[in-house]
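For this chain, numbers begin at 1 and follow the sequence in order.
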Amino acid sequence: MLLKKTATIEPGNPFPPGASYDGRGANFALFSAHAEKVELCLFNETGGRELQRITLPHYTNQVWHGYLPGLEPGALYGYRVYGPYEPHQGHRFNHHKLLLDPYARSIKGTLRQTDVHLAYDKNSADADLSFSTTDSAPQMPKCVLSAHAEMPEVTNRPRTGWPDTIIYETHVRGYTVSHPAVNESVRGTYAGLAQPQIIDYIKSLGITAVELLPVHGFVDEGFLQNKGLTNYWGYNSLCFFTPELRYSSTGNAYEFRRMVDRFHDAGLEVILDVVYNHTAEGDHLGPTYSFRGIDNVSYYRLMPDDPRHYINDTGCGNTFNINHPSVLQMVMDSLRYWVSVMGVDGF
């Protein structure tokens, strides 16, 4: 763990959301309107061992927060959120499940859904009304504390007018995964898509903007994993501030930004296909990765007469509750992040 010295957590600030490094330490802020306690969990460099649990000491305007002096970029963390486990009331808190920060800028590790991610005992006759005490941390990826200021300002946007825009839709991995002109080490990645021969070809078609199928961090659904399959298209988002790292040749989230810069240098805009209407946590029998365990009642639309179950307008098991101001704030913050830090031009 990249901690300069033993430190006592300070009150910190409720804003900005997520983990923010200021050169001396890190501020942590997590929205939850119904939690009773939030623990910040710190892990070793591999993410395999939990080193410390620190209770966030303050609660301001439905945000739990604290400041940890001496914590450096690269530190791995997650949350455990305490509160009622009352599915009939819509509450599904379970502190045995390690949760990803909704505002995490980078993730270390791969998430493969197993029964350990369920907040309930799958073998119980009570199904999701039961309660699991199995720790999910060993099988959860960890959030990475990042230094947000490390990316330069975007200064070379093409800003093509709509009447002159010609959009080319493509898939980051699929476009170069078997491309003979791309070095094998970067095929199927952001770096592969940024190769000069790829950009030159797209330009030769008269294209002015490249639209990428979903690149937010996503999860393969359990029913696909059981068949030995994966989610190719990426419409199962979980991490709205994190580029999908299976498309990275370096494991660095900012490889995406470097790709965008190369497109901009060539006069091409970058547009993202985004999925904010549902998440990878599925229906009432789905896993607990983040939002469900942080504040299920706030983050999801629940059936008014039966909040154990989700409104499923999306056909994917749940519907994100954009009517809630804090959820809407997160979506808007995500859009702003992809524009201001990652450099994209539209959605």
Between the side chain of [X] and the main-chain N/O of [Y], is any donor-acceptor distance below 3.5 Å?
| X | Y | answer |
| --- | --- | --- |
| Glu211 | Ile167 | no |
| Lys142 | Ala137 | yes |
| Thr288 | Leu118 | no |
| Thr189 | Val186 | yes |
| Ser290 | Leu100 | yes |
| Tyr310 | Asn312 | no |
| Asp164 | Thr160 | no |
| Thr46 | Gly48 | yes |
| Ser32 | Ala35 | yes |
| Thr55 | Pro57 | no |

Of all the heavy-atom pairs spanning Ser185 and Ser249, show the shortest one and how long it is. O-CB, 4.0 Å
Between [X] and [Y], is there shared hydrophobic-cluster membership here, with clusters defined by ILVMFWY side-chain heavy atoms closer than 4.5 Å?
| X | Y | result |
| --- | --- | --- |
| Val219 | Val116 | no |
| Leu193 | Trp233 | no |
| Val154 | Tyr254 | no |
| Met332 | Tyr337 | yes |
| Phe131 | Ile294 | no |

By salt bridge (Lys or Arg N to Asp or Glu O under 4.0 Å), which residues pair with Asp306, not counting sequence neighbours? none
Checking Arg159 now: which residues fulfil salt bridge (Lys or Arg N to Asp or Glu O under 4.0 Å) with it, not counting sequence neighbours? none
Distance only, no hydrogens: is a donor on one side chain within 3.5 Å (strictly under) of an acceptor on the other, for [X] and [Y]?
| X | Y | answer |
| --- | --- | --- |
| Asn156 | Asp265 | yes |
| Asp273 | Tyr235 | yes |
| Asp22 | Tyr67 | yes |

More than 12 heavy atoms from other groups under 6.0 Å of CZ on Arg49: no
Let me see the working for Asp126 and Tyr120 under side-chain hydrogen bond (donor to acceptor under 3.5 Å, both in side chains), right down to the final yes or no. CA-CA 9 Å; Asp126 293 329; Tyr120 62 92; over 6 Å; no
Does His179 have its ring centroid less than 6.0 Å away from the ring centroid of Tyr201? no
According to side-chain hydrogen bond (donor to acceptor under 3.5 Å, both in side chains), does anything in residues 128-139 pair up with another residue at least two apart or in another chain? List the pairs. Arg80-Asp135, Arg92-Asp128, Lys97-Ser132, Thr114-Gln139, Asp128-Arg308
Can you tell me how far [atom2] of [Y] sits from [atom1] of [X], rounded to the nearest 0.5 angstrom?
| X | Y | atom1 | atom2 | value |
| --- | --- | --- | --- | --- |
| Asn252 | Leu245 | CG | CG | 8.5 Å |
| Thr279 | Phe291 | OG1 | CZ | 6.0 Å |
| Tyr299 | Ile322 | OH | CD1 | 10.5 Å |
| Tyr289 | Cys239 | OH | SG | 10.5 Å |
| Leu68 | Arg24 | CG | CZ | 11.0 Å |
| Leu98 | His117 | CG | NE2 | 9.0 Å |

For side-chain contact (heavy atoms from CB on, under 4.5 Å), just list the numbers for Phe241 and Arg105, CA-CA rounded to whole Å, side-chain angles, deciding distance to a tenth of an Å, and then say yes or no. CA-CA 5 Å; Phe241 291 79; Arg105 267 51 173 182; 3.7 Å; yes
Relative to the ring of [Y], is the ring of [X] parallel (under 30°), tilted (30 to 60°) or perpendicular (over 60°)?
| X | Y | value |
| --- | --- | --- |
| His284 | His309 | perpendicular |
| Tyr77 | Tyr79 | perpendicular |
| Phe218 | Tyr247 | tilted |

Can you give each donor-acceptor pair under 3.5 Å made by side-chain atoms of residues 338-347, sequence neighbours left out, with the distance rounded to 0.1 Å?
| residue | atom | partner | partner atom | Å |
| --- | --- | --- | --- | --- |
| Trp338 | NE1 | His216 | NE2 | 3.2 |
| Trp338 | NE1 | Phe240 | O | 2.9 |
| Ser340 | OG | Arg336 | O | 2.8 |
| Asp345 | OD1 | Arg157 | NH1 | 3.0 |
| Asp345 | OD1 | His264 | NE2 | 3.3 |
| Asp345 | OD2 | His264 | NE2 | 2.8 |
| Asp345 | OD2 | Val270 | N | 2.8 |

Side chains of Met330 and Asp333: closer than 4.5 Å at any heavy-atom pair? no
Residue pair Ile202 / Leu268, side-chain heavy-atom distance below 4.5 Å: yes
Test His65 against every option in Thr60, Asn13, Asn27 by the side-chain hydrogen bond (donor to acceptor under 3.5 Å, both in side chains) rule and name the one that passes. Thr60
Is it true that the NZ or CZ of Arg173 lies under 6.0 Å from the centre of Tyr190's six-membered ring and within 45 degrees of the ring axis? no
Residues Tyr82, Glu39; criterion side-chain hydrogen bond (donor to acceptor under 3.5 Å, both in side chains); working and verdict: CA-CA 8 Å; Tyr82 293 72; Glu39 289 179 337; 3.0 Å; yes
Residues Glu255, Arg257; criterion salt bridge (charged side-chain N to carboxylate O under 4.0 Å, His left out); working and verdict: CA-CA 5 Å; Glu255 181 180 322; Arg257 167 62 191 274; over 6 Å; no
If you look only at pairs with a residue in residues 215-237, which of them pass as a salt bridge (charged side-chain N to carboxylate O under 4.0 Å, His left out), with sequence neighbours excluded? Asp220-Arg246
Which salt bridge (charged side-chain N to carboxylate O under 4.0 Å, His left out) pairs, counting each pair once, include a residue from residues 182-206, with sequence neighbours left out? none
Assess whether ring pair (Phe, Tyr, Trp, His ring centres under 6.0 Å) is satisfied between His171 and Tyr232, documenting all intermediate values. CA-CA 9 Å; His171 185 282; Tyr232 179 77; 4.0 Å; yes
Run Ser298 and Asp295 through side-chain hydrogen bond (donor to acceptor under 3.5 Å, both in side chains) and show every step you take. CA-CA 6 Å; Ser298 296; Asp295 192 349; 2.8 Å; yes
